[in-house]
Colleague: 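Provided herewith is a single structure, encoded as structure tokens, for subsequent inquiry.
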2 protein chains.
Amino acid sequence: MKIYEKLRNELKKRHLRITSQREAVLSIFLENQGEHLTADEVYEKLSHKNSHISKATIYRTVDLLKEMGFLSKVNFGDGMERYEVKEPNSHQHHHLICTKCGRIYEIKEDLLEELEKLIEEKTGFKIVDHQLNFYGICPRCQALSEEKESKKKAIQHSIK
Amino acid sequence: MKIYEKLRNELKKRHLRITSQREAVLSIFLENQGEHLTADEVYEKLSHKNSHISKATIYRTVDLLKEMGFLSKVNFGDGMERYEVKEPNSHQHHHLICTKCGRIYEIKEDLLEELEKLIEEKTGFKIVDHQLNFYGICPRCQALSEEKESKKKAIQHSIK
DNA sequence: CTCGCTGCAAAGCCTTTGCATTCGC
DNA sequence: GCGAATGCAAAGGCTTTGCAGCGAG
């Protein structure tokens with residue numbers, strides 16, 4: 001597994017220690033690609049694998065993994081810090097967040113490369129990363145609310 | 001003042017009460033356009049005006065003002081909820097966040113209208129809003145670090 | 001053997017909540 | 001006067017920290 005070697009090398013480079021906890025936390029993210037896990041969710045998933053790592057260590061580890069470039073932090077405004085595997089050589093992808101059901105869908109393409117260049121030219125900023133979230137109603141919820149509407153109407157009709 | 005009338009109308013419409021606290025909290029945001037205030041910052045700014053409103057009320061009020069469309073929540077991933085005045089009939093503008101000094105610069109234009117339409121067509125989402133943050137090094141910090149570099153070099157030269 | 005890492009519990013922050021009191025309407 | 005809004009303090013949720021003990025190098 002190439003990425004665990006990478007982890008070990010990166011740790012050695014920084015004169016930090018290779019521990020089972022660090023590998024275990026990374027493994028959870030690798031096994032749950034596409035999810036945006038909170039510290040607590042990592043803790044739960046580890047518990048289900050009979051791997052009990054304290055929350056404190058999980059917080060310290062995700063932070064370290066982020067600093068080393070294995071994870072990136074994403075923020076959906078729900079009051080918890082979430083992390084996901086960082087694709088190598090790529091900016092963060094984008095998220096579609098349904099304001100009804102809270103489901104999160106991903107947009108794979110990076111839509112903002114050109115925009116970034118434009119902003120760099122205009123503002124003199126050296127842009128390192130971006131985060132883009134769209135908020136709306138997902139097709140599923142749109143369908144559900146239409147269903148409700150027609151039920152409501154059906155009931156009103158039957159009352160008449 | 002047109003916006004306070006708007007506030008009163010909106011409150012009446014919802015059968016809620018017009019209170020001095022609600023007007024005071026809104027006034028802080030109006031007096032600090034362009035800033036992204038936390039509940040605590042609102043509290044402090046009110047205190048400086050000898051207007052003591054409890055934190056609980058501030059939290060309740062910013063939330064209400066957001067629901068009524070006067071404020072919008074912005075999230076810079078710093079662990080606090082921030083609010084700013086919402087421009088009427090416009091989506092949120094975007095933010096340039098310097099990862100060195102933490103200063104936040106605004107991009108006035110809405111760069112994503114077309115992108116939004118494209119995504120609606122592709123995914124079937126009904127998009128309501130978006131939030132876009134760019135992270136990078138602002139020109140000021142770039143200049144400062146160049147300065148440091150040249151100082152460092154100057155020192156190295158003088159040692160030789 | 002040394003010093004970094006972990007686990008535990010406690011503390012820290014920001015935010016929310018319960019309840020008595022105050023105050024619009 | 002009624003019920004909503006406020007203030008206070010307490011509780012809640014997520015995250016960080018201090019410290020003793022453990023374990024990698």
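Keep in mind that the numbers below use all heavy atoms, side chains included, and drop hydrogens, waters and symmetry copies.
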Colleague: For Thr57(B), enumerate each residue passing the side chain to side chain donor-acceptor pair (under 3.5 Å) test, keeping only those at least two apart in sequence or located in another chain.
Modeller: Ser54(B)
Colleague: So, Lys73(B) and Glu84(B), do they make that salt bridge, N to O below 4.0 Å?
Modeller: no
Colleague: To the nearest Å, give me how far apart NZ (Lys66(A)) and C1' (dT16(D)) are.
Modeller: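 In whole Å, dT16(D) C1' lies 14 Å from Lys66(A) NZ.
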Colleague: Test salt bridge (charged side-chain N to carboxylate O under 4.0 Å, His left out) on Glu10(B) and Arg14(B) and set out the steps.
Modeller: CA-CA 6 Å; Glu10(B) 195 60 34; Arg14(B) 293 167 187 243; 3.0 Å; yes
Colleague: Could you report the tightest heavy-atom contact between Gly77(B) and Asn75(A), atom names first, then the distance?
Modeller: CA-ND2, 3.2 Å
Colleague: Looking at every heavy atom in both Lys49(A) and Ser27(A), which two are closest together, and how far apart are they?
Modeller: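 That closest heavy-atom pairing would be NZ-OG, 3.6 Å.
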Colleague: If we ignore hydrogens and angles and just use 3.5 Å, is the side chain of Ser51(B) paired with the main-chain N or O of Ser47(B) as donor and acceptor?
Modeller: no
Colleague: Rounded to the Å, how far apart are Lys55(B) NZ and dC13(C) C1'?
Modeller: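 My rounded result for the distance is 10 Å.
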Colleague: Hey, does the side chain of Asp63(A) reach the backbone of Tyr59(A) with a donor-acceptor pair shorter than 3.5 angstrom?
Modeller: no
Colleague: Using five pairs at either end of the helix from dC1(C)-dG25(D) to dC25(C)-dG1(D), determine the angle between the two local helix axes and round it to 10 degrees.
Modeller: 30°
Colleague: Is there a donor-acceptor pair closer than 3.5 Å between any side-chain N or O of Arg22(A) and the backbone N or O of Arg17(A)?
Modeller: yes
Colleague: Would you say a side-chain N or O of Tyr59(A) is under 4.0 Å from OP1 or OP2 of dT15(D)?
Modeller: yes
Colleague: For residues 45-53 of chain B, which residues have at least one heavy atom under 4.0 Å from DNA chain D?
Modeller: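 Here the set is His52(B), Ile53(B).
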Colleague: Figure out the CD1/P separation between Ile58(B) and dT16(C), and round it to whole Å.
Modeller: 13 Å
Colleague: Can you tell me which residue among Val85(A), Leu7(A), Leu30(A), Val25(A) is in a side-chain contact (heavy atoms from CB on, under 4.5 Å) with Phe70(A)?
Modeller: Leu7(A)
Colleague: Please list residues of residues 31-43 of chain B whose heavy atoms come under 4.0 Å from any atom in DNA chain C, ordered by number; otherwise none.
Modeller: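 Here the set is empty: none.
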Colleague: Below 4.5 Å, heavy atoms only, C-beta onward: do His95(B) and Leu132(B) meet side chain to side chain?
Modeller: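 No - every pair of side-chain heavy atoms lies 4.5 Å or more apart.
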Colleague: Which residues in residues 76-83 of chain B have a heavy atom closer than 4.0 Å to any atom of DNA chain C?
Modeller: Gly79(B), Met80(B), Glu81(B)
Colleague: Would you check if the distance from the ring center of Tyr83(B) to the ring center of His36(B) is below 6.0 Å?
Modeller: no
Colleague: What closest approach, in Å, do Ile58(A) and Ala39(A) show between heavy atoms, and which atom pair accounts for it?
Modeller: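 Residues Ile58(A) and Ala39(A), closest heavy atoms: CG2-O, 3.8 Å.
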Colleague: So does Thr57(B) get a side-chain nitrogen or oxygen closer than 4.0 Å to the phosphate oxygens (OP1/OP2) of dG7(D)?
Modeller: yes
Colleague: Does Gln21(A) have a side-chain nitrogen or oxygen under 4.0 Å from the phosphate oxygens OP1 or OP2 of dG23(D)?
Modeller: no
Colleague: Figure out the CG/C1' separation between Leu64(A) and dG4(C), and round it to whole Å.
Modeller: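 That distance rounds to 12 Å.
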Colleague: How does protein contact run along nucleotides 17-25 of chain C, one letter per nucleotide 5' to 3', with B for base contact, S for sugar-phosphate only, - for none, heavy atoms under 4.0 Å?
Modeller: BB-----BS
Colleague: Would you check if the side chain of Glu120(B) reaches a backbone N or O of Ile127(B) as a donor-acceptor pair within less than 3.5 Å?
Modeller: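 Checked: pair present.
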Colleague: What is the distance, rounded to the nearest whole Å, between atom CZ of Arg22(A) and atom C1' of dG23(D)?
Modeller: 12 Å
Colleague: Quick one: do Glu23(B) and Arg8(B) satisfy salt bridge (charged side-chain N to carboxylate O under 4.0 Å, His left out)? Show the steps, please.
Modeller: CA-CA 9 Å; Glu23(B) 296 190 342; Arg8(B) 289 186 196 134; 2.7 Å; yes
